[in-house]
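Only one structure is covered here, and it is reproduced in the block below.
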Amino acid sequence: MLKIYNSLAREKQVFVPTTAGCARMYVCGMTVYDYCHIGHARVLVVFDVVQRWLRASGLAVTYVRNITDIDDKIIKRALENKESISQLTNRFIGFMNDDAAALGVERPDHEPRATEYVPQMLELIGRLEKNGLAYQSPNGDVNFSVRKFPGYGKLSGKALDDLRAGERVDVDTGKEDPLDFVLWKHAKEGEPFWASPWGSGRPGWHIECSAMSSDLLGQPFDIHGGGQDLQFPHHENEIAQSEGAHDCRFVNYWMHNGFVRVDDEKMSKSLGNFFTIHEILKKYDPEVLRFFILRAHYRSPLNYSDSHLDDARQALTRLYVALKAVDADLLPIDWEEPHACRFSQAMDDDFNTPEACATLFDLAAEVNRSKSPTLASQLRALAGFLGLLRRDPQTFLQAAPTSSGELSVEQIESLIAARAAAKKGKDYAAADQIRAELLAAGVVLEDGAKGTSWRRA
RNA sequence: GGCGCGAUAGCAAAGCGGUUAUGCACCGGAUUGCAAAUCCGUGUAGGUGGGUUCGACUCCCGCUCGCGCCUCCA
């Protein structure tokens, strides 16, 4: 029985799909004008695991993750780069896909782009206007009137009168209320625009998600996810738009992942303290980054640092070492087996991946003791639900960081052969010398019954 | 000012009203030519002050500290 922490209810709730046997999920994806940072990696990985576990639970999943390919920052960046908007966005969509693939993130069923859904957005705005929730201000923008929508604030727990609109930002005087938000921005000189009943313009940020989610998933749908920072105002506004237009509930379960931090501060583009996935993968194996993310619960803050990744790498190495020692059969999961049972209970408890990982380590210890191919197979299969341990152990253990000028496999193997010869002649001093040399180059040797194997330290 | 979250051992991070989390690091032993890996074992916890309870890291209240949202942000 799967339980999900629902941000709307502020408690864990049993997951009951709208349509039995199906799960429809929408996650707010990226605005594509720059490389993805680790915060984005967290969203990608966390909801990838959610999606995998829903499928593992036997549900027919429709997973949608949108791409915001038109907004102020994109326009600005394209202008700075002296390139077209589509050149810019297509390039970064490519990088995003590369990062996601490296992290073992499966492709969502749909990846709609905002620019492809303008008609649906206009239709939605029309409905809101008809329902008396939208108005055009003198400057040409179409705004949503938050005070006319009764439930405004229910997701974020905010009361309209407590919000300090304009305290940190100039209030747009065209709005009837400072908290009203833009549905349609009138076109300014030199900006891209679409024709509309309210004049030429482009969509406000929030409207795309309302339009794309209902178009692809219907309304209501089951799960809407995203980073915690989107809870207000973005998701609050989505609710206002979608429920204001369709007069029925928008989403049943809201999921918000916690932030990635650096030095106990939120990592964000505005603070400038972010690390890109691209950058990190030069130093660390992508699976290490994925494991690092899944070692913490998705709602907790996750502090990023190199030493934490080093730690994650050591831990993941332990799992692969266990697998290396045993030829795992590829058997279907035995859910009655105690570790599998514990794993699935952990995942059913609001996707408790740290607990799920702990069972993997217990299982690895068991594999080390028993050398059981059946248990090794269990380990592999369970880890697979987290998108982990899917590679050949040797490949993982011997993988060199992309940026390193480390010893080549051939060099390492010839040194190992030289050491074997020295050992055979009982010249241990020479053998140890070679081993020390390799260790200095980041290569650890392990003498076993079947000869010497090696891995990168 | 409003609303919300958190405080666990050297570091990271979970569950749980009473019985080993887990990983990294550390220590002792087995194994090894010596190592590495592995196994066995030990140690190190739950911010602070109260309360509830036979019993609290776990529930309740206060306090302190930290973080987040209220502005674009995953």
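Computation of the quantities below employed the complete heavy-atom set of this structure, encompassing side-chain atoms and omitting hydrogens, waters and symmetry-equivalent molecules. Residue numbering restarts at 1 for every chain, and letters A, B, ... go by the order of the sequence lines.
Nucleic acid contact class of A:Leu445 (heavy atoms, under 4.0 Å, all strands): base. In this structure, A:Ser300 reaches the sugar-phosphate backbone alone: every heavy-atom distance under 4.0 Å involves primed, P, OP1 or OP2 atoms, never a base. Among the atoms of the strands shown, base atoms are found under 4.0 Å from some heavy atom of A:Gly258. Counting any heavy atom pair closer than 4.0 Å across all strands shown, A:Ala365 reaches sugar-phosphate atoms only and no base atom. At the heavy-atom level, A:Arg313 lies nowhere under 4.0 Å from the strands shown. Contact annotation for A:Gly227: backbone-only contact, meaning every heavy-atom pair under 4.0 Å involves sugar-phosphate atoms and none involves a base. Counting non-hydrogen atoms under 4.0 angstrom, A:Ala358 reaches a base of the nucleic acid. Residue contacts for A:Asn352: at a heavy-atom cut-off of 4.0 Å it reaches the sugar-phosphate backbone alone, with no base atom in range.
Distance CD (A:Gln314) to P (B:G10): 21 Å, rounded to an integer number of Å. Distance NE2 (A:His297) to C1' (B:A14): 10 Å, rounded to an integer number of Å. Note: CG (A:Leu289) to C1' (B:A74) measures 14 Å, nearest angstrom. Here B:C67 presents its P atom at 17 Å from CG of A:Leu302, a figure rounded to the nearest Å. In this structure, the CD atom of A:Glu208 is 11 Å from the P atom of B:A74, given to the nearest Å. Residue A:Glu236 contributes atom CD, which lies 12 Å from atom C1' of B:C69 at whole-angstrom precision. Atom C1' of nucleotide B:A14 and atom NZ of A:Lys12 are separated by 11 Å, given to the nearest angstrom. The nearest whole Å value for the distance from the CG atom in A:Leu386 to the P atom in B:A13 is 17 Å.
Taking for each of A:Arg455 and A:Asp229 the nucleotide of RNA chain B with the nearest heavy atom, the 5'-most of the two is the partner of A:Arg455.
No N or O donor and acceptor, one from the side chain of A:Asp264 and one from the base of B:G66, sit under 3.5 Å apart. Between the base of B:C34 and the side chain of A:Arg435 there is a donor-acceptor pair shorter than 3.5 Å. For A:Asp432 against B:G33, a side-chain N or O and a base N or O form a donor-acceptor pair under 3.5 Å.
When the side-chain nitrogen and oxygen atoms of A:Asn368 are compared with OP1 and OP2 of B:C39, one or more of them lie within a distance under 4.0 Å. Between A:Arg318 and B:C39 there is a side-chain polar atom (N or O) within less than 4.0 angstrom of OP1 or OP2. Under 4.0 angstrom from either OP1 or OP2 of B:C40 there lies at least one side-chain N or O belonging to A:Arg369. Neither OP1 nor OP2 of B:G2 sits under 4.0 Å from any side-chain N or O of A:Ser156.
Across B:G2, B:U22, B:A25, the shortest atom-to-atom separation from the side chain of A:Phe361 is found for B:U22. Residue A:Asp447 places its side chain closer to B:A35 than to any other of B:C69, B:A35, B:C39. Proximity note for A:Glu355 (side chain, C-beta onward) versus B:G23, B:A21, B:G33: the nearest is B:A21. The side chain of A:Glu446 approaches B:A36 more closely than any other nucleotide in the set B:G23, B:A74, B:A36. Side-chain proximity of A:Pro354 to the nucleotides B:A74, B:U22, B:A13 is greatest for B:A13. Nearest nucleotide to the A:His308 side chain, out of B:C11, B:C70, B:A74: B:C11. Residue A:His40 has its side chain nearest to B:A74 when only B:U22, B:A74, B:A12 are considered. Of the listed nucleotides (B:G15, B:G23, B:A37), B:G23 has the atom at the smallest distance from the side chain of A:Arg295. Nearest to the side chain of A:Asp311, among B:C11, B:C70, B:A14, sits B:C11. Side-chain atoms of A:Val444 lie closest to B:A36 of the nucleotides B:C69, B:A25, B:A36.
Checked against the 6.0 Å centroid criterion, the rings of A:Trp335 and A:Phe385 qualify as a close aromatic pair.
Exactly one residue among A:Asp71, A:Asp69, A:Asp72 makes a salt bridge (Lys or Arg N to Asp or Glu O under 4.0 Å) with A:Arg202. That residue is A:Asp72. Among A:Arg456, A:Arg391, A:Arg290, the one residue that satisfies the salt bridge (Lys or Arg N to Asp or Glu O under 4.0 Å) test with A:Asp285 is A:Arg391.
Residues from residues 266-277 of chain A lying near RNA chain B, meaning a heavy-atom separation below 4.0 Å, are A:Lys266, A:Met267, A:Ser268, A:Lys269, A:Ser270 in numerical order.
Looking at A:Glu287 and A:Tyr320, their side chains do bring a donor and an acceptor atom within 3.5 Å of each other. Inspection of the A:Arg318 and A:Asn368 side chains reveals no N or O donor paired with an N or O acceptor under 3.5 Å.
B:G47 sits 14 Å from B:C11 when the P atoms are compared, rounded to a whole Å. Going from the C1' atom of B:U44 to that of B:C24 covers 14 Å, rounded to whole Å. Distance noted for atom C1' between B:U52 and B:C70: 37 Å (whole Å). Taking atom C1' in both B:A13 and B:U8, the straight-line distance is 9 Å, to the nearest Å.
Taking a cutoff of 4.0 Å between a charged side-chain nitrogen and a carboxylate oxygen, A:Asp48 and A:Arg65 do not qualify as a salt bridge. Between A:Asp310 and A:Arg313 there is no salt bridge, since no side-chain N of the basic residue sits under 4.0 Å from a carboxylate O of the acidic one.
Using a 4.5 Å cut-off on side-chain heavy atoms (C-beta onward), A:Leu389 and A:Leu316 make contact.
In textbook terms, a nucleotide whose glycosidic angle is within 90° of 0 is syn, and B:G46 is one such case.
Under the stacking criterion of a centre-to-centre distance below 5.5 angstrom and an interplanar angle below 30°, A:Tyr428 sits stacked against the six-membered ring of B:G33.
For the pair A:Arg299 and A:Tyr5, the cation-pi criterion (under 6.0 Å, within 45° of the ring axis) is fulfilled.
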Inset, instruction - Just do the side-chain hydrogen bond (donor to acceptor under 3.5 Å, both in side chains) check on A:Thr62 and A:Asp109 with the steps written out, would you? - result: CA-CA 6 Å; A:Thr62 309; A:Asp109 300 287; 5.4 Å; no

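Note on ring orientation: taking the six-membered ring where Trp is involved, the planes of A:His235 and A:His256 are tilted (angle from 30° to 60°).
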